[in-house]
Amino acid sequence: MLDYLEEQIRARLIQLDWPAKQIQLSRPKKAENGDWASNIAMTLARDLKRAPMQIAEELLAEINLDPEIVEKYEIVKPGFINFFQSASYLTTQLKHILELRENYGKNAIGAGKTAQVEFVSANPTGPLTVGHGRQTVLGDTLAAILTWSGYDVTREYYFNNAGRQMRLLGESLKSRYLGLKGQSIALPDGGYEGHYLIDVAKRLLEEQPDLDVESDVNIFKDYAERSIFAIIRSSLKRIGVIHDVFYNERSLYETGKIDEVLAILKEQDLLYKKDGATWFKTSELGIEQDRVLVKSSGEPTYRLPDIAYHREKIARGFDLVVDIFGADHIDAYPDVLTALRVMGLEYEHIHVVIHQFVTLLRSGEVVKMSTRKANFVTLDELIDEVGVDVVRYFYIMRSASSHLNFDLDLAKRQTEENPVFYLQYAHARISSIFRRAKERGLDTDIRQADLSLLNEEYTIALINEALEFPEVIDHCRRALEIHHLPVFLYGLATALHKFYTEYKVIDLDQPDLSKARLALLEAIQITLRNGLDILGISAPDQM
RNA sequence: GCGCCCGUAGCUCAGCUGGAUAGAGCGCUUGCCUCCGGAGCAAGAGGCCACAGGUUCGAAUCCUGUCGGGCGUACCA
């Protein structure tokens, strides 16, 4: 419909030799304003120096619209052109859903192209927290949207198991281990206080009881890394996330990629030494101050490997790269992009999605969290408390750029107040109707259903709602925003419930109408299921 | 100080590249099951879209400024 109208209007513009402006078509909020509306006449008014109403008249005077698709059109007040779709168009589209089934909503925009989504990327210093959770689900769901858009998607986890933080982790574990043996050694300054390290220390003590103060800290570091990575991977698995690639920062050193970046920047005279450190002249490149790339200790700061990593992403040839960062990393990526630019690399296909923080609320109170101290809530604890479906939904129901209030009380309620159950209930309700229809001996073979019987107000509203699904997918992809999907699904569930209250599906006296309505419900269920599938939320047949 | 994000109903938030009378959930008031799942539906009350300018035929949406809140502003990641 959208493409069709755009094509027809464009043809008229060319015919009239009017400017080939972008043609905007939208779905009006009010039904009386048609199914699709265009503001083209108003946007042309200035170019043509004529009244919009007149322009619309002339534009439509000789337009050629298929009556099977567009029943009629109207020109209204300021200059809107409203199109009304025909009943046959609606039934054709409904058949489409029934034929496409689990493919309904997919498109081929990314066909033959590759995409990479980098997300989570937490270093193995502790379990995933509630904060990581948002990014985890956000990235996974955006990756799913890209898959539905035809891309060949790589989910990637970038991590660093070297450097100061990891050394601190090793020392912290050593301290805990020796503590268990009765040798009290203070945690290092800024060390990791989390209780999980004590558990790790206990297991290490069981496996290797003979370590002591003299033992190499690397033994502890490696053990901590392995143990914590196992915890992280198990959390990811629980929440349904599988990364295709775990990219170790260390490989950038081993393959010389770090040195290459330094060499290129040096060649461009963008590096200098000061106080024993190597600085990047970012202040000459539109950034407030210069940045340190290599510390006076000889260790690089995180920026340098990040630059090298992104250079590698470009070299790997992805058509689209999406980085998911938390708001606390907001300062890092301009430096990276700047470095890529001065190295003469194409980086327009790299998109950064920044999400704001998560606040946990319990009984209306903010749950205080601090990573340094032991009192953070882990993603696992959250899943234990409310379940995977609810966790996933709550994380993506709001736009990433908004702060997220995660209301634990609401999340735990298995009642009408919980939007997840509202959606799942819609799906289960349809399954239930099909079960009942079979019990009653109704012919549920919907293939010969006469869809033209579906012409009541709320029925048409429901079909229209379902037809928006592909547009929503497209919107999510374009904007790299996922929250439009749960918002859409919620509206679809509402339309379904409304339809259900208004009309009886199983009516033995009207088998043809029943069959048509069952066909409709099948299409709605397909749409709901596909949407939930993208979100990684289960679609139950009964609850 | 500077950079990014946010400010829409009592609360939590939608509102897509500017469009027609600003929406939803929760909470509050009131209705709807002899009938396919009431985990549902309907009605009502509730708004100077933070504030002030500007651009435009038209602004919650774009621009500037002000005021609030969050995050950052490291030789931590």
Side-chain angles (χ1 to χ4, degrees), chain A residues 22 24 26 28-30 32-33 37 39 42-43 45-46 51-52 76-80 82 121-123 125 160 163-165 168 190 274-279 287-289 291-303 305-306 326-332 334 354-357 359 361 364 397-405 407 410 413-419 421-422 424-426 428-437 439-440 442 471-472 474-476 478-479 481 483-484 486-487 490-491 493-494 496-507 514 517 521 542-543:
Chain A
Q22 205 197 350
Q24 289 180 40
S26 60
K29 288 176 213 160
K30 306 216 70 173
E32 67 197 55
N33 287 328
N39 61 356
M42 287 181 285
T43 58
R46 201 174 326 163
V76 181
K77 292 190 285 185
F80 287 107
N82 296 335
S121 296
N123 286 340
T125 55
N160 175 18
R164 183 171 152 259
Q165 293 301 320
L168 266 173
K274 193 179 92 185
D275 304 330
T278 304
W279 293 73
I287 286 172
E288 256 188 280
Q289 47 192 289
R291 305 292 195 190
V292 170
L293 291 186
V294 183
K295 301 182 224 171
S296 50
S297 67
E299 283 180 313
T301 63
Y302 65 93
R303 289 173 214 272
D306 272 8
D328 53 338
H329 285 231
I330 194 101
D331 245 36
I354 307 265
H355 72 268
Q356 298 298 315
F357 280 5
T359 306
L361 296 172
M397 68 199 268
R398 306 299 184 206
S399 80
S401 59
S402 282
H403 292 257
L404 177 69
N405 281 317
D407 185 335
L410 175 61
R413 257 175 271 173
Q414 311 221 337
T415 65
E416 74 269 4
E417 297 161 33
N418 192 322
F421 289 94
Y422 183 82
Q424 293 182 320
Y425 178 56
R429 193 172 222 182
I430 294 172
S431 294
S432 167
I433 295 170
F434 270 94
R435 280 194 300 270
R436 181 52 76 97
E439 275 170 34
R440 293 280 183 84
L442 207 62
E471 296 156 29
V472 173
D474 192 50
H475 185 187
C476 290
R478 281 196 330 264
E481 289 173 351
H483 68 280
H484 304 291
V487 168
Y490 198 92
T494 300
L496 181 268
H497 291 311
K498 173 77 179 164
F499 165 87
Y500 174 88
T501 342
E502 212 67 34
Y503 313 110
K504 198 144 173 60
V505 177
I506 299 171
D507 185 346
S514 291
R517 285 178 172 163
L521 289 189
Q542 54 188 25
M543 297 174 69

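Chain letters run A, B, ... following the sequence lines, proteins first, then strands; residues in each count from 1.
Side-chain nitrogen and oxygen atoms of A/Asn405 include at least one within less than 4.0 Å of the OP1 or OP2 phosphate oxygen of B/C13. Proximity of A/His497 to the phosphate of B/A42: no side-chain N or O atom is located under 4.0 Å from OP1 or OP2. The shortest distance between the side-chain N/O atoms of A/Tyr422 and the OP1/OP2 oxygens of B/C41 is below 4.0 Å. An OP1 or OP2 oxygen of B/C41 is reached within less than 4.0 angstrom by no side-chain nitrogen or oxygen of A/Thr501. Between A/His484 and the phosphate of B/G15, there is a side-chain N or O to OP1/OP2 separation shorter than 4.0 Å.
Rounding to the nearest 0.5 Å gives a distance of 6.0 Å between SG of A/Cys476 and NE2 of A/His484. Atoms CZ and CD1, from A/Arg517 and A/Ile433 in turn, are 11.0 Å apart once rounded to the nearest 0.5 Å.
Base engagement by A/Asp328 is indicated by at least one non-hydrogen atom pair under 4.0 Å involving a base atom. At the heavy-atom level, A/Phe434 lies nowhere under 4.0 Å from the strands shown. A/Asp275 comes within contact range of at least one nucleobase, with a heavy-atom separation under 4.0 Å. If you check every strand for non-hydrogen atoms under 4.0 Å, A/Lys504 touches a base. Residue A/His329 is in base contact, counting any heavy-atom pair closer than 4.0 Å across all strands shown. A/Arg398 comes within contact range of at least one nucleobase, with a heavy-atom separation under 4.0 Å. A/Ser401 comes within contact range of the sugar-phosphate backbone alone, with a heavy-atom separation under 4.0 Å but no base atom that close. Counting any heavy atom pair closer than 4.0 Å across all strands shown, A/Ala45 reaches no nucleic acid atom. A/Val505 comes within 4.0 angstrom of a nucleotide base, judged by non-hydrogen atoms across all strands.
To the nearest whole angstrom, the two C1' atoms, one in B/A22 and one in B/A9, are 11 Å apart. Nucleotides B/A20 and B/A60 have their P atoms positioned 9 Å apart, rounded to a whole Å. Nucleotides B/A59 and B/C49 are separated by 13 Å at their P atoms, to the nearest Å. The separation of B/G46 from B/C62, taken at their P atoms, amounts to 29 Å, rounded to a whole angstrom. Using atom P as the reference point in both B/G23 and B/G40, the two lie 23 Å apart (nearest Å). Here, B/C36 and B/G47 have their C1' atoms 40 Å apart, quoted to the whole Å. Using C1' as the reference atom, B/G1 and B/G15 are 35 Å apart when rounded to the nearest Å.
The listed nucleotides are B/A39, B/C71, B/C75; the one nearest the side chain of A/Lys295 is B/C75. Checked against B/C75, B/G25, B/C36, the side chain of A/Tyr490 finds its nearest nucleotide in B/G25. Closest to the A/Ser399 side chain, of the nucleotides B/G1, B/A14, B/C36, is B/A14. Comparing B/A74, B/C16, B/A77 by their nearest atom to the side chain of A/Arg478 picks out B/C16. Of the candidates B/C13, B/A14, B/C5, the closest approach to any side-chain atom of A/Gln356 belongs to B/C5. For A/His475, the side-chain atoms get nearest to B/C16 when compared with the rest of B/C16, B/G40, B/C71.
Contact check for A/Glu481 versus A/Ser399: no side-chain heavy atoms found under the 4.5 Å cut-off. Counting only heavy atoms from C-beta outward, the side chains of A/Pro300 and A/Pro305 approach each other to under 4.5 Å. Counting only heavy atoms from C-beta outward, the side chains of A/Leu521 and A/Phe499 approach each other to under 4.5 Å.
At whole-Å resolution of the value, CD in A/Glu481 and P in B/G15 are 7 Å apart. Rounded to whole Å, the distance from CD on A/Gln424 to P on B/G40 is 13 Å. Taking atom CZ of A/Arg436 as the reference point, atom P of B/C35 lies 10 Å away to the nearest angstrom. Across the protein-nucleic acid pair, A/Ile433 atom CD1 and B/G38 atom C1' stand 14 Å apart, rounded to whole Å. In this structure, CG of A/Asn160 is placed 8 Å from C1' of B/A77, rounded to the nearest angstrom. Note: CZ (A/Phe421) to C1' (B/G38) measures 17 Å, nearest angstrom. Between the CE atom of A/Met397 and the C1' atom of B/U12 there is a distance of 8 Å, given to the nearest Å. The distance from atom CZ of A/Arg46 to atom P of B/G18 is 13 Å, rounded to the nearest whole Å.
Residues meeting the ring-ring contact (aromatic ring centres under 6.0 Å, His included) test with A/Phe357, sequence neighbours left out: none.
Of the two residues contacting RNA chain B, namely A/Glu502 and A/Ala437, the nearest-nucleotide position lying further toward the 5' end is that of A/Ala437. Place A/Glu288 and A/Leu404 on RNA chain B by their nearest nucleotides, and A/Glu288 ends up nearer the 5' end.
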A correct dot-bracket answer for RNA chain B, with pairs being Watson-Crick or G-U at under 3.5 Å, [ ] for crossing pairs and | for inter-strand pairs, is (((((((..((((.....[...)))).(((((.......))))).....(((((..]....))))))))))))....
Notebook entry, point to check: Do A/Asp331 and A/Arg291 pass the side-chain contact (heavy atoms from CB on, under 4.5 Å) test, and can you show the C-alpha distance, the side-chain angles, and the key distance before you say yes or no?
Noted result: CA-CA 11 Å; A/Asp331 245 36; A/Arg291 305 292 195 190; 3.6 Å; yes
task: Please step through side-chain contact (heavy atoms from CB on, under 4.5 Å) for the pair A/Lys295 and A/Thr301, ending with a clear verdict.
output: CA-CA 7 Å; A/Lys295 301 182 224 171; A/Thr301 63; 3.8 Å; yes
Pairwise N/O distances under 3.5 Å, protein to nucleotides 19-22 of chain B:
unit_1 : atom_1 : unit_2  : atom_2 : d
B/G19  : N7     : A/Asn39 : ND2    : 2.7
B/A20  : OP2    : A/Lys29 : NZ     : 3.2
B/A20  : N6     : A/Asn82 : OD1    : 3.0
B/A20  : N1     : A/Asn82 : OD1    : 3.2
B/A20  : N1     : A/Asn82 : ND2    : 3.1
B/U21  : N3     : A/Lys30 : NZ     : 3.4

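Applying the 90° criterion around 0 to the glycosidic angle, B/C49 comes out anti.
Checking side-chain atoms of A/Arg398 against main-chain N and O of A/His403 turns up no donor-acceptor pair under 3.5 Å. For A/Thr278 (side chain) and A/Leu293 (main-chain N/O), no donor-acceptor pair under 3.5 Å exists by modelled atom type. At least one donor-acceptor pair closer than 3.5 Å links the side chain of A/Asn123 to the backbone N or O of A/Asn160.
For A/Tyr302 and B/A77, a side-chain-to-base donor-acceptor distance below 3.5 Å is present, hydrogens and geometry of angles not being considered. Counting distance only, with no hydrogens placed and no angle test, the side-chain atoms of A/Ser402 and the base atoms of B/C13 include no donor-acceptor pair under 3.5 Å.
Ring orientation note: the planes of A/Tyr422 and A/His497 are nearly perpendicular, at an angle over 60° on the 30°/60° scale.
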